[in-house]
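Values in this document were obtained by computation on a predicted structure and should not be read as measured data.
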Amino acid sequence: MPIKSRIRTVPHYPKQGIMFRDITTLLKDPVGFRITIHELANRYTGMKIDKVAGIESRGFILGAPLAYLLGVGFLPVRKQGKLPAETIGQDYQLEYGTDRIEMHTDAVSAGERILLVDDLIATGGTAEAAVKLIEKMGGDIVECCFAIDLPDIGGRARLEKMGKKVFALCEFEGD
């Protein structure tokens, strides 16, 4: 079962001309969701991974069960002000302005191998900020993993230009 067939496209959301790729249809499908997590686990089983870092919020949905199956810890990468203990952050550019993601200062130890997970790679701004944040903490990125890649928008190329490996279960090009 290709997971791409389980992902809904919502035209003109959140604004005119955008084709929004909605994973909630994949998540509500118990077979599709299970296959998605197991395909990811199969890819990373046997690799040296210390922790999975999931980007808020849909990266939590994919990253936590993946970490569980791999037998490693899970790290939430959160929006500013959402974590209760001492944090370290990384700013990144939005279309209009900036935003910030954070992790707890004790989330990553030097030399740990981290798998970064999110639902979708579009422009790559948030993923790039997460990579920089994890590396600032001394972690090594094993790979950046996504359910969906929108290659026309350039996020994959942006991460690869940083020297990062990128994997996605499916792509939506030009549609």
### Summary
d(D149 CG, C144 SG) to nearest 0.5 Å is 11.5 Å
### Query
Got I114 and V142 here, is their nearest side-chain heavy-atom distance under 4.5 Å?
no
### Message
I need the minimum non-hydrogen distance between L62 and D119, along with the two atoms involved.
### Response
CD1-CA, 3.7 Å
### Query
With no hydrogens and no angle check, is any side-chain donor or acceptor of D118 less than 3.5 Å from a backbone partner on G59?
yes
### Task
Measure the shortest side-chain to side-chain distance between C170 and I7 over non-hydrogen atoms and say whether it is less than 4.5 angstrom.
yes
### Message
Run K79 and V77 through side-chain contact (heavy atoms from CB on, under 4.5 Å) and show every step you take.
### Response
CA-CA 7 Å; K79 295 173 183 167; V77 178; over 6 Å; no
### Query
When rounded to the nearest 0.5 angstrom, what is the spacing between CZ in R158 and OG1 in T123?
5.5 Å
### Message
Which residues pass the side chain to side chain donor-acceptor pair (under 3.5 Å) test with D22, not counting sequence neighbours?
### Response
R8, T24
### Spatial distance of atom OG1 (T9) from atom NZ (K4) [nearest 0.5 Å]
8.5 Å
### Task
Decide yes or no for F146 and L169: does some side-chain heavy atom of the first lie under 4.5 Å from some side-chain heavy atom of the second?
no
### Message
Does L75 form a side-chain contact (heavy atoms from CB on, under 4.5 Å) with M103? I'd like the steps, not just the answer.
### Response
CA-CA 8 Å; L75 308 174; M103 294 178 77; 3.7 Å; yes
### Message
Distance check, rounded to the nearest 0.5 Å: L40 atom CG versus I35 atom CD1?
### Response
12.0 Å
### CD1 on I37 to OH on Y68, rounded to 0.5 Å
13.0 Å
### Message
Could you report the tightest heavy-atom contact between A53 and I134, atom names first, then the distance?
### Response
CB-CD1, 3.9 Å
### Task
Look at the side chain of R156 and the backbone N and O of V166, then say whether any donor-acceptor pair between them is shorter than 3.5 Å.
yes
### Task
Without swapping roles, check the side chain of R113 against the backbone of I141 for a donor-acceptor pair under 3.5 Å.
no
### Task
Please check if the side chain of K28 supplies one atom and the backbone of F33 the other of a donor-acceptor pair under 3.5 Å.
no
#### Entry: Pairwise salt bridge (Lys or Arg N to Asp or Glu O under 4.0 Å) hits with a residue in residues 130-143, at least two apart
R43-E143, E128-K132, E135-K164
### Task
Grab the two heavy atoms, one from V108 and one from G138, that are nearest each other, plus how far apart they are.
CG1-C, 4.5 Å
### Query
With clusters built from Ile, Leu, Val, Met, Phe, Trp and Tyr whose side-chain heavy atoms come within less than 4.5 Å, directly or transitively, what are the remaining members of the cluster of F20, listed by chain and number?
V10, Y13
### Query
If every non-hydrogen atom of M137 is compared with every non-hydrogen atom of H104, which pair is closest and at what distance?
CE-O, 3.0 Å
### Message
Tell me whether R100 is salt-bridged to E102, with the criterion being a basic N under 4.0 Å from an acidic carboxylate O.
### Response
yes
### Task
Kindly indicate whether the side chain of T45, heavy atoms from C-beta on, has any atom under 4.5 Å from the side chain of L70.
yes
### Pair K51 + E112: basic N to acidic O under 4.0 Å
yes
### Message
Could you tell me if the side chain of L150 sits less than 4.5 Å from the side chain of I121, heavy atoms only?
### Response
no
### Task
Using a 4.5 Å cut-off on heavy atoms from C-beta on, say whether the side chain of R58 contacts that of I23.
yes
### Task
Mind checking the CG-CD spacing from L83 to E56? Nearest 0.5 Å is all I need.
8.0 Å
#### Entry: Minimum-distance pair of heavy atoms, taken over all atoms of Y44 and C145
OH-CB, 3.4 Å
### Task
Answer whether the closest heavy-atom distance between the side chains of L66 and L115 falls below 4.5 Å.
yes
### Summary
Note: T126 and I55 closest approach over all heavy atoms is CG2-CG2, 3.6 Å
### Query
Looking at side-chain heavy atoms only, is the closest gap between I101 and Q80 below 4.5 Å?
no
